[in-house]
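First comes the structure, then the notes that go with it.
One-based numbering, in listed order, for ligands and for the atoms of each.
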Amino acid sequence: MRLFIAINFPPEPVAAFVRAQDALRRASPSASFSRRENLHLTLAFLGEQPSARVPDIREAMAAARFRPFSLSFDRAGRFRREEGDVCYLSCAESPPLLAVQRRLARGLTERGFALEDRRFVPHLTLARRVQLPPGFELSSILERPIDAPARALSLMLSERRAGRLVYTELHHT
Ligand code: 2AM
């Protein structure tokens with residue numbers, strides 16, 4: 001099973017994320033947009049794992065000692081890709097987010113999970129294969145910062161069903 005650990009957000013900030021997607025869609029109609037229910041912030045990507053490993057993952061999640069906090073998504077960015085950019089929202093620096101991500105990564109590593117060595121860049125992917133017209137001001141897709149409460153850590157299952165990416169929450173802290 002393909003797994004990752006993420007923060008999911010309540011309807012109000014999600015509606016604001018979707019408005020940012022709508023603005024992006026007007027600029028790049030051919031991009032591939034994450035579905036509303038799939039919008040999330042990933043803290044750890046586990047990749048393919050046997051189901052027998054889920055108890056260890058739950059243990060690492062508990063060891064991360066998540067406590068609710070609030071995030072402010074205040075900028076839009078892109079990762080350049082040959083097939084078109086990945087566009088995302090990112091949040092103002094958040095010590096509680098970074099602390100919980102570090103504890104989670106440590107707990108997973110201690111239990112033998114191989115995490116990517118890359119620096120954690122908190123981002124919420126809005127769309128892939130984005131082709132923006134030259135000079136397009138990406139910050140214009142965000143009318144104002146989006147305040148979003150982080151209420152739990154969720155263990156997410158990622159599956160393709162009938163060509164669609166479907167995420168299911170298996171556990172939350
Ligand atoms: P992304 O949105 O930047 O692709 C499920 O795929 C989640 O795990 C996404 O949030 C994805 O981030 C993240 N992720 C992190 N590393 C990944 C990897 N190597 N392959 C696929 N998804 C990854």
Side-chain angles (χ1 to χ4, degrees), residues 1-10 13-14 16-18 20-25 28 30-51 53-54 56-58 60-61 64 66 71 73-94 97-98 100-109 111-132 138 141-142 146 148-173:
M1 53 204 323
R2 190 177 166 86
L3 301 174
F4 64 98
I5 297 169
I7 294 172
N8 295 308
F9 298 100
V14 170
F17 301 149
V18 170
Q21 284 185 311
D22 290 341
L24 197 54
R25 192 177 283 107
S28 178
S30 66
S32 168
F33 289 85
S34 306
R35 288 186 296 123
R36 169 188 292 258
E37 55 273 35
N38 286 359
L39 294 167
H40 65 271
L41 179 68
T42 292
L43 270 70
F45 179 73
L46 294 158
E48 205 55 45
Q49 298 291 339
S51 55
R53 289 293 262 149
V54 168
D56 290 335
I57 297 168
R58 290 174 60 139
M61 289 171 73
F66 178 90
L71 292 171
F73 287 89
D74 64 352
R75 65 200 85 155
R78 57 170 119 177
F79 300 130
R80 306 273 178 175
R81 296 279 188 276
E82 230 166 73
E83 68 278 10
D85 298 346
V86 172
C87 283
Y88 58 83
L89 298 178
S90 61
C91 46
E93 175 141 331
S94 164
L97 174 66
L98 297 181
V100 77
Q101 187 275 337
R102 259 198 306 273
R103 290 195 297 268
L104 179 64
R106 192 182 318 128
L108 289 166
T109 308
R111 287 165 182 80
F113 292 94
L115 299 180
E116 282 180 351
D117 223 4
R118 286 186 300 191
R119 196 170 67 87
F120 174 56
V121 181
H123 66 279
L124 185 144
T125 297
L126 296 175
R128 298 166 206 281
R129 294 189 291 284
V130 178
Q131 315 259 9
L132 291 171
L138 195 54
I141 69 169
L142 201 55
I146 300 169
R151 294 176 172 161
L153 278 187
S154 300
L155 174 60
M156 305 298 293
L157 169 68
S158 167
E159 295 171 298
R160 275 225 171 255
R161 285 198 213 145
R164 261 189 160 191
L165 197 52
V166 178
Y167 297 149
T168 310
E169 185 183 74
L170 299 182
H171 171 68
H172 66 257
T173 53

Review point. Parallel, tilted or perpendicular: which describes the rings of Phe4 and His40, with under 30° parallel and over 60° perpendicular?
Key: tilted
Check your understanding: Does NZ or CZ of Arg36 fall inside the cone over Phe17's six-membered ring, less than 6.0 Å from its centre and within 45° of the axis?
Key -> no
Looking at [Y], is its backbone amide N or carbonyl O close enough to the side chain of [X] to form a donor-acceptor pair, meaning the two atoms are under 3.5 Å apart?
X      : Y      : result
Arg35  : Leu165 : yes
Arg111 : Gly107 : yes
Thr173 : Leu153 : yes

Practice item. Verify whether one side chain among Ser154 and Glu169 offers a donor that lies under 3.5 Å from an acceptor in the other. Key: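 Yes - a donor-acceptor pair under 3.5 Å links their side chains.
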Practice item. Write down, by chain and number, every protein residue that brings a non-hydrogen atom to less than 4.0 Å from an atom of ligand 1. Key: Arg2, Phe4, His40, Thr42, Phe45, Glu116, His123, Thr125, Arg128, Tyr167
